[in-house]
S.K.: 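Right, I'll just put the structure down here and ask away after.
Here is the naming used below: chain letters follow the sequence lines, and residue numbers restart at 1 for every chain.
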There are 4 protein chains.
Amino acid sequence: MGGGAERAGRPGRPRSEDARVAVLQAVDDLLVDVGYAAMTMKGIAERAGVGRQTVYRWWSTKAEILLEAVTEDAEAELAGPAVADDPAADLTAHLRALTAFLTSAPAGLAYRALLGEGQHDPVVGGLLGHADPLRAPTEAVLARLRTSCPGMPPAPLAAAQTVGPVLAPLLAAAAPLADDLLRTHAELLLRAWGQRG
Amino acid sequence: MGGGAERAGRPGRPRSEDARVAVLQAVDDLLVDVGYAAMTMKGIAERAGVGRQTVYRWWSTKAEILLEAVTEDAEAELAGPAVADDPAADLTAHLRALTAFLTSAPAGLAYRALLGEGQHDPVVGGLLGHADPLRAPTEAVLARLRTSCPGMPPAPLAAAQTVGPVLAPLLAAAAPLADDLLRTHAELLLRAWGQRG
Amino acid sequence: MGGGAERAGRPGRPRSEDARVAVLQAVDDLLVDVGYAAMTMKGIAERAGVGRQTVYRWWSTKAEILLEAVTEDAEAELAGPAVADDPAADLTAHLRALTAFLTSAPAGLAYRALLGEGQHDPVVGGLLGHADPLRAPTEAVLARLRTSCPGMPPAPLAAAQTVGPVLAPLLAAAAPLADDLLRTHAELLLRAWGQRG
Amino acid sequence: MGGGAERAGRPGRPRSEDARVAVLQAVDDLLVDVGYAAMTMKGIAERAGVGRQTVYRWWSTKAEILLEAVTEDAEAELAGPAVADDPAADLTAHLRALTAFLTSAPAGLAYRALLGEGQHDPVVGGLLGHADPLRAPTEAVLARLRTSCPGMPPAPLAAAQTVGPVLAPLLAAAAPLADDLLRTHAELLLRAWGQRG
DNA sequence: ATCTAACCGAGACGGTACGTCACGTCTTACA
DNA sequence: TGTAAGACGTGACGTACCGTCTCGGTTAGAT
């Protein structure tokens, strides 16, 4: 991976931060310009103005580069801006942010591309499983709701019930849930979780 | 697509059904043997004992072949076997069948591969949107439940709430929901839908 | 070959003269339009409006078709038009006709193409050796000259000395001998042959 | 062409001389083993143990490779070994060497193949026109003869009269002139050139 | 002020899949 | 039987990208 542990006074020329940033930027650009499938390691190196070997030295696959490029951005873009004191409004706002992220944000497109690649390549699937950028924001929302939802199920199911109905139509049909259905979704979740099982 | 309209007494040698079947079988085999990513048009043709041009004549991409290979099988494997008279049991059984299909069945693996490809290639995404093999079985179950669920939301959301929480963890983390959580998921859905909104 | 022996009351549909002529015409056209190298059996059949199998039934290679198409034309185009009573003028006229045939006439281009193919394919080389369209006209001229040339060498060498200096620059450099050099060539030949060895 | 201008301290990995030599050798071998027509770029690359792209990087066609492979060899093989003081013997020796080269020497076979290809492909024809391997040796012989031949015509015709009668029967009939006719040919040439026009 | 080691760009290397083309054969319906 | 049409298995085409390697050069810490 690109990050890597810092190395103290090692001899030799240090890694070029310019090159690293140029590669990450090139990946972002290419994803928008040509799409994930048409993106190649060769193309990334050329777009970044970087030697091919330099790319291979720090990353193994385009998915790895994309994951690094996307990781920080995702959390920033998904961080619920203002928290309403109304649970339904709070949850609905999160669902809307999630939908917007997945359909419009560059990082969201990258995430969907990675998710797709994860179905083909188990290594990518594993990386995503450990570094799922959707998890932290979702768990933050659920933590706020937990006090008013005594019947909320264990975290994995609660997260799946929250995110799944938003994610699935996007992945399976490339069509997001309508905006009013997001609100209905939030209300139904809270109703189900409202009473102790 | 491989099917194509029937043609009456056209001149020329007719399409070889042998070749068509051999290609579809080869795709099934290769998906299991080498995985979607390592599957190539060249490899498909060779495994099928068929000319490369013959493959290209009837299909454009490996995704198209896979979609044809999988379409019929999917519905058969997902057809709810026995319908319990208990709604919760009925729904839970469907969710289990769905999980099993997606994690174990060859057609399920193919579906996930296609879903992944759909994130990269909009054409494949469109094909899946129109021929989603999960839709019909799910709507059949929901139709049975509708009488006892006066609060069930519109079909798109109801289907998303049913399938999404099962699908999302599989796609995002390659980890299915635990079996008991499927049961809890079903009960929570029925609770939310039980009372009129 | 296309010609073939006549067959008396054989059963079945007789060979289509239309198809035969269309193929020969197509070969002529294609040679001019796209050149020999780009000419294919498939293209010939399509240009002739004829089934591919029909071409293969009567000819094996494009060279064979071309040879049949060219054979008659060649002698006609090379038949010395008017015979001068001056041997030098007679010979020079023949050399000029030969040069014109090889550089300009469609049949001449076809002959050069066949000659080229003969270097690669011994079968074509053999066909040409037996059906050389240049031989008969050349021998006719030499026969007329023989009375005034007591030193003319045996026919193979005489023909080679006559035709070779015209042919070689064309084949090796795609550049014909200049017109006045043709005249000089004729005069030198006659001088060499004029006195008994 | 394979040669190319020398490049000073250019960046990047330099061209592999091993690969270049292997390709030229492979072409020589294949010409003998399978003939020109059956020789393919793919086959050349495989026989040379070289990537296909490497072949295409430096040469466009098999003819180009063959031309490079043959250029040096040709002059060496045709260099008149010993020069007799008798003009007729000198010229006859050259004609015999030429015949042997064209009928037996590997480079001669390659030259004939190129000559054939030149009839189909004008690019090859042009290359041959500029790099005709027969020209230099022939002109060397004619230069030696010129003092004793006051009637020798301009160089293009003299060369054509010398080489043409040897070359033409080989190309048109795949049959060389008989050995004694070569001697006769030389004597007739010298007789024609001996007296001033 | 070297020396050494790791980095950098460029680009050629042996491979392999791409999608297309033509090969020569075959299998139809029709004449 | 001959014919036009057209699909068949085969295999070369020329291109693109793979991941590796080898150049000349650069940039640091260690000597």
S.K.: If you look only at pairs with a residue in residues 31-44 of chain A, which of them pass as a salt bridge (Lys or Arg N to Asp or Glu O under 4.0 Å), with sequence neighbours excluded?
M.R.: A/D33-A/R47, A/K42-A/E46
S.K.: Who are the side chain to side chain contact (heavy atoms under 4.5 Å, CB included) partners of D/D18, not counting sequence neighbours?
M.R.: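 If we apply the side chain to side chain contact (heavy atoms under 4.5 Å, CB included) test to D/D18, skipping adjacent residues, the hits are D/S16.
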S.K.: If you compare every side-chain N and O of C/W58 against the phosphate oxygens of F/dT3 (OP1, OP2), does one of them come in below 4.0 Å?
M.R.: yes
S.K.: Mind listing the residues from residues 30-42 of chain B sitting with a heavy atom below 4.0 Å of DNA chain F? Number order is fine.
M.R.: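 Within residues 30-42 of chain B, no residue comes under 4.0 Å of DNA chain F.
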S.K.: Distances under 3.5 Å only, N/O to N/O: pair up the protein atoms with those of nucleotides 3-5 of chain E.
M.R.:
none

S.K.: Mapping C/S16 and D/T61 onto DNA chain F by nearest heavy atom, which one lands closer to the 5' end?
M.R.: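 Closer to the 5' end of DNA chain F: C/S16.
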S.K.: Table please: side-chain donor-acceptor pairs of residues 122-129 of chain D below 3.5 Å, with sequence neighbours left out.
M.R.:
none

S.K.: For E/dA12, does either OP1 or OP2 sit under 4.0 Å from a side-chain N or O belonging to D/T54?
M.R.: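 Checking D/T54 against E/dA12: no side-chain N or O falls below 4.0 Å of OP1 or OP2.
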S.K.: Do any of residues 45-52 of chain A sit with a heavy atom less than 4.0 Å from DNA chain E, and if so which?
M.R.: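 Under 4.0 Å from DNA chain E: A/G49, A/V50, A/G51, A/R52.
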S.K.: Provide the closest heavy-atom pair for B/M39 versus B/V27 in the form atom of the first, atom of the second, distance.
M.R.: SD-O, 3.8 Å
S.K.: Given side chains that start at C-beta, do those of A/Y36 and B/Q119 come closer than 4.5 Å, heavy atoms only?
M.R.: no
S.K.: Round to the nearest Å and state the distance from B/R57 atom CZ to F/dT10 atom C1'.
M.R.: 12 Å
S.K.: For D/A110 versus D/V70, what's the shortest heavy-atom pair and its separation?
M.R.: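 So the two residues come closest at CB-CG2, 3.4 Å.
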